[in-house]
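These notes are about the structure you will find just below.
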Amino acid sequence: MTGSHTPQNGPLGRRGLLVGTAATALTLSTVSFANAAPGEDNGKGGGTDQADLTMTVRGTLPTGSPDFVYLPVEVPHGVREIAVSYTYEKTPVPAGTQGNALDIGIFDEGGTELGGRGFRGWSGGARAGFFIRADEATPGYVAGPVRAGTWTIALGPYTVAPEGLPYEVTITLRFGEPGTTSAPGYPPERAKGRGRAWYRGDCHLHSVHSDGKRTPAEIATAARAAGLDFINSSEHNTHTAHSAWQGLWGDDLLILTGEEITTRNGHVIALATDPGTFVDWRYRARDNRFGHYAKAVRRAGGLVVPAHPHATCIGCHWKFGFGEADAVEVWNGPYTPEDEIALAEWDNSLVAAVRASKPWVPAMGNSDAHREPDKVGLPQTVVLAEELSRDAIVAGIRSGHSYITESSAVSLSFGASGGRGGHAGIGERLRADADSPVTVRLEVTGAPGCTVHFVTDQGTLFTTALPESGSGTVEWHTTPAYAAYVRAEVRHPSTVPGLPGAPAALTNPVFLEG
């Protein structure tokens, strides 16, 4: 049976605009299949003669629409599968004017309240449709029984053209035996590794479970080719990839599970959370909810890492502040001026931290790779960890015992010595008298044509070129009174007048305490 359901009471068919502690949402009139007449059996029924039921909803969203528009659907008993497809008009607009973009996802009878108890999937704008049943679901959606009750299709008008956003949503219910849902298989929390060592990882990656084009298997292959020891699954607003890595981990590759929480006021990586953890994204900075969900990430054993904080894509610019951050992504994919701004802002935060004697936030870099030709492992964060395990990697990133490189070809050792025979490595503190001589030493391999810069709370105080081979040792002498911290940048020659060259490597600081 195919029917048409047109929202009433104007273009939005509104039942109420919900404004409260989360991003604004609006609920449309409910779609009910209760009085639908049966059509022809499609031959796919699982033990009943009930045919598929299909309803189509049409409407137009105006400019100024809320962040989320909810379409309730009454699902009767006996449904084996729910399938949803949608289209919308991509109205041509003048240059500089926002066009139409509409995201989609779904919640089951558990409801749409913040926290995601009813969450069953999100694909943003990456797919034109999805299905859910007990034994299988579209990537990005949670397989499981289609229980009777009110399900809710979540529409997210990301941008709306001045003429409005005409849309059409088609819902199909298929009846039959429900099938069974397999228990998810998650990656182990430890790999064999090399004991205490420097391990390379890429913690911002996308697969077919959100808007990426690579399968998990292709990502694992690319990670090994890039010389990585660990990766973190970080799909946009869904956790379904957590169980998609069966057979892909090994003694040489630790797979962590997380999420890229993609809000309208910036993106944040939930890094290395407990497998199966979903973190809600439906709030803005003004809603004062970010701290609550940052704590939820930590309760799940993960780290809170603002991603590409100065990216210019709509909704990407970070507006939540860095008070809840465990680390910050200052290098995202191929190096751009956006990364240079992020690096400078992070360095300013180091200055503020040392002068106020407050905790500092470490830096990291990730590829944010989605598809070819995006390179997995460009850049990569190199972490000093006691072993190749989830807990050890998390501890290394949180403490700032890490540096960032453009590839596995680049390696370095960085530290400071002085005082009474003391030594401090990356992310550590060297305690010495204020006027005591301190030697800062950097050893680099794999960076031909590059220049070394030592950056302190007073700015860049030392610069020298590496040997032509790209391998060498650089030393600089200072005191804690002159430099409260020192960090190293290894940079390629500049290719744009007025801008520094892209880095081959960046380190977290060594702190000098007088």
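Worth knowing before you read on, the calculation uses all heavy atoms, side chains too, and leaves out hydrogens, waters and symmetry mates. Because the structure is predicted, anything quoted here is derived from the model rather than measured.
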In chain order, what residues pass the side-chain contact (heavy atoms from CB on, under 4.5 Å) check against E428, with sequence neighbours excluded? H401, A424

Whether N366 side chain and C203 backbone form a donor-acceptor pair below 3.5 Å: yes

Nearest heavy-atom neighbours spanning G365 and P379: C-CG, 3.8 Å

To the nearest 0.5 Å, what is the distance between CD1 (I261) and CG (N237)? 8.0 Å

Mind listing the closest non-hydrogen atom pair of A392 and A385 along with its distance? O-CB, 3.7 Å

Using the six-membered ring of F68, assess whether NZ or CZ of R264 lies under 6.0 Å from its centre and within 45 degrees of the ring axis. yes

Can R429 be said to sit on top of F511's aromatic six-ring, NZ or CZ under 6.0 Å from centre and within 45° of the ring axis? yes

So W281 and W122, would you call those rings parallel, tilted or perpendicular, with 30° and 60° as cut-offs? tilted

Are H204 and E260 close enough that a side-chain donor and a side-chain acceptor fall under 3.5 Å? yes

Between W318 and F290, does the ring centroid distance fall short of 6.0 Å? yes

Minimal heavy-atom distance between V361 and L350, with the atoms involved, is O-CD2, 4.4 Å

Just to verify, what does S243 make a side-chain contact (heavy atoms from CB on, under 4.5 Å) with, not counting sequence neighbours? P184, Y186

Side chains of Y335 and R491, heavy atoms from C-beta outward: is any pair under 4.5 Å? yes

Relative to each other, are the rings of F278 and F119 parallel, tilted or perpendicular (30° and 60° limits)? parallel

Which residues pass the side chain to side chain donor-acceptor pair (under 3.5 Å) test with S123, sequence neighbours left out? Y141

